Amino acid sequence: MLKVVGPAAAPAAALAPVTSPADPELTERGKLEFIERILAFQDGALSDSGLRGFEQELCGSTQKRKLFLDFQVQSQRIREVLRRQAARRRSGELESPRPEDDNLTAFFLSSPEAPSQVPPRNRTLGLTVLGVMAGCLLVLFLRPITQNSISRAPVAFLAQNLEAQWISPTPRARASLQPGWFALKSGSLSIEFFCGARLIVEGPAEFELISAERLFCRSGRFSVTIPSPAHGFRIETPRLAAVAENAIFGIYVRNDVTELHSIQGTLRWQKLPGPLQSLRQGEAVAVGAVNHVSHFGTRPLEFLSEPELTDKAAQASNRSLKAWRESGAQLNDDPALLLRFDFENHLLKNRARHVVSSDATLVGCEWTRGRWPSKDALEFNRIGDRVRLTLASSPKSMTLIAWIKIDSLIATNRTLFASAGFRPGAISWEIKPDGSIFFESHHSVRAQTAVIFTPARLAQWTQLALVLNNETNEIIHYVDGIALERRPFIPRAPIQISDATLGNQTGSAFNSNRSSSSLMGRLDEFAIFSRALSDAELEQSYLHGLP
């Protein structure tokens, strides 16, 4: 729905009715130009002077005020049509559209006053202007905006994930969530809204995050906790809406029936449309296809509680940790594995069984929590924090794999792995200040990806991999098991990694005067192979290591 707000909302007094003796009749062109200013106002595109002029227009013309209000009403009607159409497309329904959905422009012609306002000789121009109005609205509504805000700022975050399988989109664990539609195929998850409300979703389910205080549930089973600070949080379904404070309730939306269960506290709810009613603790209500309402006792065991979700999530986490350890044991036997740090039990030990000797020294760093609650990781906080290592190998092809967590971006590079010394064959693998991944080979190759560490990926565990393939002359960047970019790679000298560092680079393998490059993040696992792993192998490596 278009709002009567902008970057600086018009004062209420400025929108009050004003009687003006000089209020000339708006021409069709004048109407169209004013509609363009309305769109600019809604889109936040008016300058300060333009906003003042827009307010003055509303103050000085009853016709423009009426046009502005009519525009708001018709905007809402178009919004509802588009919402129904989008819901049908997502669900694959083949039902016939409603008659009013066939022609959006007809909405602008439905007013009884419309025909008489346009002289016969200008009727064609009037229809054209109304068509343009509808077209402008469609362009505006088809942008990725929410009902209540043009902003795409996050409104919640994904707190827990219990074997959730998404249809669209696929948010990462602990990721911030922007307004929009989400479709869960199976599994369960919990979402925490920035206002304090908490939501548990059991798949299959489809829902829309509208704002930090508003949710639309189209299908599925939902458990909702509304603490006192989240008062005013509103949940809507196709059949009913509920508002609660300091309460716990469940919603089950299926086919043409919506159930509302008051598990703790008292709710206010309404059949759509209809007046607000109270639903006391222990009561439940169902609204059917013909708006038939039935009352019965609540069934709290049908809804997943927060303690149950936490317990099940812990069990699933233990299973995935066990699977990762089993997968790691197999990797340790790979003859091509030169180095693998799993950072388990506060140990810096190379797990590669076919390597005769390899030395590694921990400089600074602190032990911290890794991908799982019971697993360790290394935290790099200071410029001097690093791992120094020595490998008796100069591979022709190579694969580097790192599980990393970056909490924020800084103005300098973050070194993942780098050869020490200024010599041919030295390499450096880094994260740039903008969040892209950068690889450099001494006097040979430079390859930089698009931005990987966006705000949505920060504070999330991410698997990065780098493949240097001597047979295909390629350098390939991988993120979470997917090949992101492929570049030509023809080294002028054998790869040199006999003396290298993890997490820090004082000076550079390519320029000794270069400023320090520090990781400033967590490293949970690191491996080096003396061959180019395939796409399938790297995908499996990611899936086995996913917490």
Side-chain angles (χ1 to χ4, degrees), residues 156-177 182-194 196-207 209 215 217-227 230 233 235 244 247-254 259-265 281 284 298-328 344 368-377 403 405 459-463 480 524-525 540 542-547:
F157 72 92
L158 184 59
Q160 293 188 89
N161 185 332
L162 179 57
E163 300 175 343
Q165 298 293 322
W166 295 89
I167 299 175
S168 176
T170 306
R172 300 169 59 84
R174 307 297 295 178
S176 298
L177 303 177
F182 296 84
L184 182 66
K185 182 179 180 180
S186 61
S188 303
L189 56 92
S190 65
I191 293 174
E192 294 188 11
F193 288 83
F194 292 166
R198 301 188 298 275
L199 174 74
I200 295 177
V201 184
E202 300 177 66
E206 187 177 5
F207 57 98
L209 304 184
L215 169 73
C217 303
R218 188 177 187 277
S219 64
R221 198 183 298 269
F222 306 85
S223 303
V224 191
T225 300
I226 311 293
F233 188 87
I235 292 185
I248 299 175
F249 57 97
I251 292 181
Y252 185 23
V253 184
R254 67 190 190 281
E259 295 182 8
L260 176 63
H261 297 247
S262 178
I263 300 173
Q264 179 180 311
Q281 181 173 321
T298 186
R299 300 188 295 270
L301 296 181
E302 291 187 1
F303 299 92
L304 189 62
S305 68
E306 291 183 345
E308 289 174 326
L309 178 63
T310 299
D311 183 61
K312 290 184 177 181
Q315 295 177 26
S317 176
N318 291 335
R319 290 194 298 269
S320 65
L321 176 57
K322 180 181 178 181
W324 170 77
R325 286 172 173 159
E326 293 173 350
S327 172
E344 289 251 65
T368 186
R369 171 177 166 172
R371 282 170 284 171
W372 292 272
S374 58
K375 187 193 176 304
D376 300 321
W403 275 96
K405 181 180 179 183
Q460 311 296 318
W461 284 107
T462 300
Q463 189 200 64
D480 290 343
D524 183 275
E525 183 179 7
Q540 286 302 308
Y542 167 70
L543 294 176
H544 289 153
L546 192 62

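Any value given below was found using the heavy atoms of this structure, including those in side chains, with hydrogens, waters and symmetry copies removed. As the structure is a computational prediction, the values presented were derived from the model and not from experiment. For this chain, numbers begin at 1 and follow the sequence in order.
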* To do: With side chain to side chain contact (heavy atoms under 4.5 Å, CB included) as the test, would you mind laying out the steps for Ile191 and Arg198 before giving the verdict?
  => CA-CA 6 Å; Ile191 293 174; Arg198 301 188 298 275; over 6 Å; no
* Asked: Do other residues, nucleotides or ligands put more than 12 heavy atoms under 6.0 Å from Glu302 CD?
  -> yes
* Find the distance between CD (Gln463) and CG (Asp480) and round it off to the nearest 0.5 Å. => 7.0 Å
* Side-chain contact, heavy-atom cut-off 4.5 Å: Leu184 with Ile167? -> no
* Asked: Any side-chain heavy-atom pair from Leu215 and Leu209 closer than 4.5 angstrom?
  -> yes
* Asked: Who passes side chain to side chain donor-acceptor pair (under 3.5 Å) against Glu326, sequence neighbours left out?
  -> none
* Give a yes or no on whether the backbone of Ala313 and the side-chain of Gln160 come within a donor-acceptor separation of less than 3.5 Å. => no
* Arg254 side chain near Glu259 side chain, heavy-atom distance below 4.5 Å -> yes
* Asked: Salt bridge check: are Asp524 and Lys405 linked by an N-O gap of less than 4.0 Å?
  -> no
* List the steps, then state whether side chain to side chain contact (heavy atoms under 4.5 Å, CB included) holds for Leu162 with Leu189. => CA-CA 6 Å; Leu162 179 57; Leu189 56 92; over 6 Å; no
* Asked: How about Thr462 and Trp403: do any of their side-chain heavy atoms sit closer than 4.5 Å?
  -> no
* Asked: Are the side chain of Ser262 and the backbone of Gly265 linked by a donor-acceptor contact shorter than 3.5 Å?
  -> yes
* Asked: ring pair (Phe, Tyr, Trp, His ring centres under 6.0 Å) with Phe207: which residues, sequence neighbours excluded?
  -> Phe182
* Structure fact -> Sorted by chain and residue number, the side-chain contact (heavy atoms from CB on, under 4.5 Å) partners of Ala244 (sequence neighbours excluded) come out as Ile226, Ala247, Phe249, Leu267
* Structure fact -> Rounded to the nearest 0.5 Å, the OG atom of Ser176 sits from the CG atom of Leu158 at a distance of 10.0 Å
* Ser190 side chain to Ile200 backbone, donor-acceptor under 3.5 Å -> no
* side-chain contact (heavy atoms from CB on, under 4.5 Å) with Ser219: which residues, sequence neighbours excluded? -> Glu206
* Write down the atom of Ser188, the atom of Leu309, and the distance for their closest heavy-atom approach. => CB-CD1, 4.1 Å
* Over-ring placement of Arg221 relative to Phe303, 6.0 Å and 45° cut-offs -> yes
* Is Thr225 close to Glu306 at the side-chain level, that is, under 4.5 Å between some pair of heavy atoms? -> yes
* Can you check whether Ser223 reaches Ile248 side chain to side chain, under 4.5 Å on heavy atoms? -> no
* To do: Could you pull out the closest heavy-atom pair between Ala230 and Gly196, with the gap in Å?
  => CB-C, 4.0 Å
* **Criterion side chain to side chain contact (heavy atoms under 4.5 Å, CB included) on Ile251 and His261, from CA distance to verdict** => CA-CA 6 Å; Ile251 292 181; His261 297 247; over 6 Å; no
* Asked: Is a side-chain donor-acceptor pair under 3.5 Å present for Ser320 with Trp372?
  -> yes
* **Residue pair Phe157 / Phe194, side-chain heavy-atom distance below 4.5 Å** => yes
* Asked: Do the non-hydrogen side-chain atoms of Ile263 and Thr298 ever get within less than 4.5 Å of each other?
  -> yes
* Asked: Atom CG of Leu301 and atom CZ of Arg299: how far apart are they, to the nearest 0.5 Å?
  -> 10.5 Å
* Nearest heavy atoms of Pro373 and Ser317, plus distance in Å -> CD-OG, 3.7 Å
* Structure fact -> From the list Gln540, His544, Lys322, side chain to side chain donor-acceptor pair (under 3.5 Å) partner of Ser327 resolves to His544
* To do: Go through the structure and list residues passing salt bridge (Lys or Arg N to Asp or Glu O under 4.0 Å) with Glu344, not counting sequence neighbours.
  => Arg325
* Asked: Can the positive tip of Arg371 be found less than 6.0 Å from the middle of the six-membered ring of Trp324, inside 45° of the ring normal?
  -> yes
* Asked: Under the ring pair (Phe, Tyr, Trp, His ring centres under 6.0 Å) test, which residues partner Trp461, sequence neighbours left out?
  -> none
